[in-house]
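Have a look at the structure below before the remarks.
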Amino acid sequence: MPPPMYLFSLNFPSAIREVAFYSMNGKNRLAALLSNGCLCVAELPTPDTWESLEGKEFSVEPCASATPLGSFVHLIWLDPHVLLAVSHHGFNHSNCYFQPSSNEDRLLGFYLQEIELSCSEDNVPGLLTCSGWHAKVSYRNLLEGLVIGVAPNPAKRSSAFVQFDGGEVFEYTSKLGINKLDFKHDELRFSSSCPWMNVVLVGVTEPSKLLLFGLDDMGRLHVGRKILCSNCSSYSFYSNLADNVITHLILATKQDLLFIVDIGDILHGELELTYENFIHVGNKRREEENINFINIWERGAKVVGVLHGDEAAVILQTNRGNLECIYPRKLVLASIVNALNQRRFRDALLMVRRHRIDFNVIVDYCGLQVFIQLASEFVKQVKNLSYITDFVCAIKHENVTEKLYKKFLSPPSCKEQKDLLTNDFKGSDASLDANNKVSLVLLAIRRALDEQVPKSPARELCILTTLARSNPPALEEALERVKVIREMELSGSDDPRQVNCPSAEEALKHLLWLSDPEAVFEAALGLYDLNLAAIVALNSQRDPKEFLPFLQELERMPDLLMRYNIDLRLHRFEKALKHIVSAGDSHFFDCMNLMKKNPQLFPLGLQLITDNTKRGQVLEAWGDHLSDEKCFEDAAATYLCCTNLQKALKAYRESGNWSGMLTVAGLMKLEKNEVLQLAHELSEELQALGKPGEAAKIALEYCGDVNGGINLLISARDWEEALRVAFLHSREDLVSVVKNAALECASSLIDEYKEGLEKVGKYLARYLAVRQRRLLLAAKMQSEERSINDLDDDTASEASSTFSGMSVYTKGTRKSCAASTASTTASRARDTRRQRSRGKIRPGSPGEEMALVEHLKGMSLTARAKQELKSLLVSLVMLGEEETARKVQHVGENFQLSHMAAVRLADDTLSDDTINEHGHTLERYLQKVKTELKDSDAFSWRCRVFVSP
């Protein structure tokens, strides 16, 4: 740390060549190898006492040693009392504090040696131990090759990993040395030498495993044998867990980009998709929200360390030497999530406040159901009512884990954490409405405040905040609490509850600050407390000339009328109706007007009003409203309830319900000639509306017109009924009329089905020809078009649009397509014209294929046509015309089979890019349809006696 930003300093006898730190189990030690070959050790006090050391300087003395330590490198701690280093014997330093012996002078070469440390001075709490250290070489292991790096083993005490030249890695165990046969880790080795090397422990839910990271001289970051990044400049690790299990890799690239990489992505091999090989391509069009890196603001800055756990900070060192501390959003959210998983709500809330994270992440990550059940624990831990108020004011319906922080908290990991949290609540109610998140969360906080926090003015203001911020705001309940405080103040008694409550004025101002003053004023009116409403109006800076006359007018009214007028102002019409009904018969006119203006009140009005005469007026007014709304059937029933038969008759007539009309005519006891006249009118109206069957029923049953009824039944093609009526009245002449009409109809249907059969074949042939030419043209254009991979996104989009709009007769080019893309007005005009001419088949148009298919499908037999056809066949058999019936059925069956085969053929070719001249034929599909559908319900209209074998 460059001066003057350091806290305290350590002074060494010579320049430092290498430093090793040890921090575990409350011990913090530093070992430094000096340029003169000496070793220095210092023990630091616990970090909470470092403030007392500010500005001080401490001199560190070299360790005393009875034997030469040699010139060594790659210094690491194996445990609090043992150092491991690679020593080179045969080189002496004159300033070292040891006396070499003749035996030691004969040691030559590279050794892996353990240096055991002890201190002759007692450790004073709060001070550094910088002297009295003794070093002794307790074990040496001769090395056969050049050592590139040494890293401690985090999974095993007194163990380390040693990297030799070429990337081979072996495990070293204290006092045992390197056993290449037993301790060689095939998966823990590099493909080349990596001077910077770390071994970390990873894995949260599964058994922990070791990962070996190394950075070579070319900037390639290795993970075992794999290369993770090819342009890495520095890296470090972050752990949000207490057991030093690494959760994130912090990586800086030569492009000055900082990436925060989940260890899970490394383990599952999802790096290329998520981090795009750690290269930012500037010409790619991508939204800001998809960027998963941080731009380092100063060129050449390196990652030198991290602050683990809840601190979640990355320390960068610039080329000038300055140290900068940043808090990447991804690490901050990871630490918040970790705190929530451990249910450390206070720590999570403090991190959210410190880093300006959206408060909703606490609720959304836990899940609505779990947070509501843990709200009491949340309030108990946080304690600070100001913090809880900030949290309450920030709650909103949006789920920030799915939108705002989606790229930092991926849905799968969120779901896993939620499952982890909800394991304790298997039997809880899961039917909570997520759309009512705000009200549910604030209700849970309000209950927790009542349970966990002692009564105080601050607690009361916090509860008022939860009421005001609910959705919708519970202003009436909040004003009720203010009203209680005001009544205690007006009573003048020494009520002990007043000590724990704010003043009514303070509470009201707090409520007005949180809410819309107009809404608070209306809520006060809704309590029917005019004095409270006046106080609200005065505290909201409203002009007394605006509200005092209105309040004074209300005060002069009787209580029920005052409430009625207030409810009308607040649009609480149900309450207004109850109050005006309770006001007495003299206000029945106002009651009727209220229901007419608000028709939804008619059912409630019928419940409240008991007088039969007045109920009749309400029902008649309701029926008039239903008639105005064109609900004639309901209006008729309503008129019948109040025995207004004339209006009921009119309503049935408007609805076209002739049966209801004639029934009401019976209830009205009309004369016979009046009923007959009504029946004639109805028959003529039904004929005009195209309902000859119903008109025939009236003519036969009410008018006694057999001839007219038979003719109407023939018009309706109800052949069986026409024949039955003719025989009922023993009218041979009418039987002949029915027979002649049936034969004429049969002849017409035969011609019609034959013509339809020809049209099916013609339309299908045209469709197949257009489809074939379109496919050939598309294939030709595709072969001439350059590869779609060479096009940018815009050109590819236009080329796709060109193909989708082409038909066999299209003359447009890509240029014209681009012009049409740019002209939205012309495109809309074309769409409008296409909508108008959708029923037409325009040869050569882009929509010709689909128009032909839709026209084919529209030629199918309707359910009504099948019913008429079956009735005709039965009637022809009854009249002795079996041969004609057989011919009609044969032609109709052929038409239906051909139509169904053509539709199936068209559907199959639409979903296929090729047309098989031998397989896609009408004859082939006709055989399929005959085999599969001949006995289906689609042919239920046929008479089995005429079915061909």
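Everything numeric here is computed off the predicted structure, so don't read it as measured data. Computed over heavy atoms, backbone and side chain alike; hydrogens, waters and symmetry mates excluded. Note that the numbering runs from 1 along the sequence shown for the chain.
- Checked by atom type, the side-chain pair N657/S659 shows no donor-acceptor distance below 3.5 Å.
- Between W658 and E685 there is no side-chain heavy-atom pair separated by less than 4.5 Å.
- The CG atom of L662 sits 4.5 Å away from atom OH of Y702, with the distance rounded to the nearest 0.5 Å.
- Side-chain atoms of Y767 and T909 include a donor-acceptor pair closer than 3.5 Å.
- Side-chain atoms of H899 do not come within 3.5 Å of backbone N or O of F895 as any donor-acceptor pair.
- Between L922 and A902, the shortest heavy-atom distance links the atoms CD1-N, 3.9 Å.
- Annotation: side chain of L873 is not in contact with side chain of V877 (no heavy-atom distance under 4.5 Å).
- Salt bridge annotation for K403-D364: absent, with no cationic side-chain nitrogen under 4.0 angstrom from a carboxylate oxygen.
- Looking at heavy atoms from C-beta onward, E758 lies out of side-chain contact with K762 at the 4.5 angstrom threshold.
- Residues S683 and L712 have side chains in contact (heavy-atom distance under 4.5 Å, counting atoms from C-beta outward).
- Distance CD1/I710 to CZ/R731: 8.5 Å, rounded to 0.5 Å.
- Residue W941 is tested with Q896, Q867, Q889 for a side chain to side chain donor-acceptor pair (under 3.5 Å); the sole match is Q896.
- Residues R904 and D907 form no side-chain contact, since every pair of their non-hydrogen atoms from C-beta on lies 4.5 Å or further apart.
- Between K396 and N360, some side-chain heavy-atom pair lies under the 4.5 Å cut-off.
- The CZ atom of R771 lies 11.0 Å from the CG atom of L776; values are rounded to the nearest 0.5 Å.
- At least one side-chain heavy atom of M900 sits under 4.5 Å from a side-chain heavy atom of F939.
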Next on the checklist: Using the rule given for side chain to side chain contact (heavy atoms under 4.5 Å, CB included), can you reason through V361 versus L404, listing the C-alpha separation, both sets of side-chain angles and the distance that settles it, and then say yes or no?
Outcome noted: CA-CA 10 Å; V361 74; L404 183 61; over 6 Å; no
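- E721 has a carboxylate O that lies under 4.0 Å from a charged side-chain N of R724, or vice versa, which qualifies the two as a salt bridge.
- Formation of a donor-acceptor pair under 3.5 Å by the K437 side chain with backbone atoms of E398 is found in this model.
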Only distances under 3.5 Å count here; give the side-chain donor-acceptor pairs of residues 739-755 to other protein atoms, sequence neighbours excluded, each with its distance to 0.1 Å.
unit_1 : atom_1 : unit_2 : atom_2 : d
N740   : ND2    : S736   : O      : 3.2

Item to check | Candidate pair L872 and R717, rule side chain to side chain contact (heavy atoms under 4.5 Å, CB included), full reasoning | outcome: CA-CA 8 Å; L872 178 62; R717 294 194 175 186; over 6 Å; no
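- S655 and E633 get closest at one heavy-atom pair: OG-OE2, 3.5 Å.
- Checked against salt bridge (charged side-chain N to carboxylate O under 4.0 Å, His left out), D705 has no partners two or more places apart in sequence or in another chain.
- Residue A651 comes nearest to F632 through the heavy atom pair O-CB, 3.3 Å, listed as atom of the first residue, atom of the second, then distance.
- Rounded to the nearest 0.5 angstrom, L775 CG and R773 CZ are separated by 12.5 Å.
- Note that the CD atom of E654 and the CE atom of M661 stand 9.5 Å from one another [nearest 0.5 Å].
- Atom NZ of K650 sits in a sparse spot, with 12 or fewer heavy atoms from other residues, nucleotides or ligands closer than 6.0 Å.
- Between A726 and V735, the shortest heavy-atom distance links the atoms CB-CG2, 3.8 Å.
- The number of heavy-atom neighbours closer than 6.0 Å to CG of D937, taken from other residues, nucleotides and ligands shown, is 12 or below.
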Checklist entry - Would D908 and Y925 count as a side chain to side chain contact (heavy atoms under 4.5 Å, CB included) if you check the C-alpha gap in whole Å, the side-chain angles of each, and the deciding distance to 0.1 Å? => result CA-CA 11 Å; D908 289 350; Y925 274 79; 2.8 Å; yes
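- In this structure, the side chains of K866 and L869 stay at 4.5 Å or more apart for every pair of heavy atoms.
- Between Y763 and H855, the ring planes lie perpendicular to each other; the angle is over 60°, past the 30° to 60° tilted range.
- The distance from the CG atom of L713 to the NZ atom of K697 is 11.0 Å, given to the nearest 0.5 Å.
- Between A696 and G709, the shortest heavy-atom distance links the atoms CB-O, 3.6 Å.
- Between E868 and R864, at least one side-chain nitrogen of the basic residue sits less than 4.0 Å from a carboxylate oxygen of the acidic one, meeting the salt-bridge criterion.
- Nearest heavy-atom pair, A722 versus I714, reported as atom, atom and distance to 0.1 Å: CB-CG1, 4.4 Å.
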Checklist entry - Run the side chain to side chain contact (heavy atoms under 4.5 Å, CB included) check on L257 and N295 step by step: do they pass? => result CA-CA 5 Å; L257 304 177; N295 282 299; 3.1 Å; yes
